[in-house]
Structures are given as C-alpha cells and as structure tokens.
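Everything below concerns the one structure shown next.
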Amino acid sequence: MDKYELVVVLDATLSQQEKSDITKNVAQEIENCGGRVINSQVWIEKHKMSFLMKRRPEGTYYLFNFEGGGPKLAELRRALKLNEQILRSLIVKVKK
C-alpha cells in the first residue's frame, strides 16, 4: 500500500466539538475508501489566510497520514469536496 498525507482546512471559528466530528468523518471516509489512518493531528490551530476560502479569513489545518491508494483515492477526493464544512483539502503521495 502507498502512503499519503492529507491536509484538510476547516473554518477556525467552528467549535472544538464540530472540528472533532469533522475529523472523525474524514477518518471514516479514508477507511471507507479502503485506507488506514496512521496518524491524525492538528497541524496549525489558527492561521490567517492570505486569501478568503469560502469567505473565511482564518483556518485550522489538520494533517492525516494514511495508507491506501488505487482507484478509491478519487472517491476520497470527491467525498472531501462534497463536505461543505471543509474549506480545502490536498492529498500528496509520500515518496518511499
């Protein structure tokens, strides 16, 4: 299995419970697409963005390390785009 990093940007004004629920949903989506979450953590708690994302000036960045891949990765990207609470997401393959 290939290793990937996923960065998810959430609205910084959300409550801690809402952020926790969203990150649990992201981890569940990774598992639904045949992946396995190795690590998840807050990367940057509150960061002022240089441009607005969905009219939000600040974001909280979460980093997920996971194993998976293949054709199911496209399904994960689509699921992340459909979640309206996620401002941005980026999946990068980690080199061996």
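Since we're looking at a predicted model, the values are computed, not measured.
- Judged by distance alone, the side chains of T60 and K19 do bring a donor and an acceptor atom under 3.5 Å apart.
- Taking all atoms of both residues into account, the shortest heavy-atom contact from V42 to E45 is CG1-OE1, 3.6 Å.
- Note on V9 and L6: separate hydrophobic clusters, where clusters join Ile, Leu, Val, Met, Phe, Trp and Tyr whose side-chain heavy atoms are under 4.5 Å apart, directly or indirectly.
- Aromatic ring orientation, Y4 versus F66: parallel (interplanar angle below 30°, classes split at 30° and 60°).
- With hydrogens and angles disregarded, a donor-acceptor distance shorter than 3.5 Å links the side chain of R56 to the backbone of K54.
- Nearest heavy-atom pair across C33 and L76 is SG-N, 3.7 Å.
- Under the 4.5 Å side-chain heavy-atom criterion for grouping Ile, Leu, Val, Met, Phe, Trp and Tyr, Y61 is not connected to V26 through any hydrophobic cluster.
- By the 4.5 Å heavy-atom criterion applied to side chains, D2 and E67 are not counted as neighbours.
- Between K93 atom NZ and L73 atom CG the span is 9.5 Å, to the nearest 0.5 Å.
- Under a 3.5 Å cut-off, the side chain of E31 and the backbone N or O of Q28 do not form any donor-acceptor pair.
- The distance from atom CG of L82 to atom CZ of R77, rounded to the nearest 0.5 Å, is 14.0 Å.
- Put simply, OH on Y62 and CG on L10 are 6.0 Å apart, with the number rounded to the nearest 0.5 Å.
- With no hydrogens or angles considered, a side-chain donor-acceptor pair links D21 and Q17 at under 3.5 Å.
- Note that the CD atom of E29 and the CZ atom of R78 stand 9.5 Å from one another [nearest 0.5 Å].
- Contact check for V7 versus W43: side-chain heavy atoms found under the 4.5 Å cut-off.
- Heavy atoms from other residues, nucleotides or ligands lying under 6.0 Å from CD of E84 number 12 at most.
- The shortest side-chain heavy-atom distance between I86 and K81 does not fall under the 4.5 Å cut-off.
- Between K46 and E58 there is a salt bridge, since at least one side-chain N of the basic residue sits less than 4.0 Å from a carboxylate O of the acidic one.
- Cluster membership for M53 and L63, using ILVMFWY side-chain heavy atoms within less than 4.5 angstrom, is shared.
- With hydrophobic clusters built from ILVMFWY side chains whose heavy atoms lie under 4.5 angstrom apart, F51 shares a cluster with I44.
- Here the closest non-hydrogen pair linking L87 and M49 is CD1-CE, 4.2 Å.
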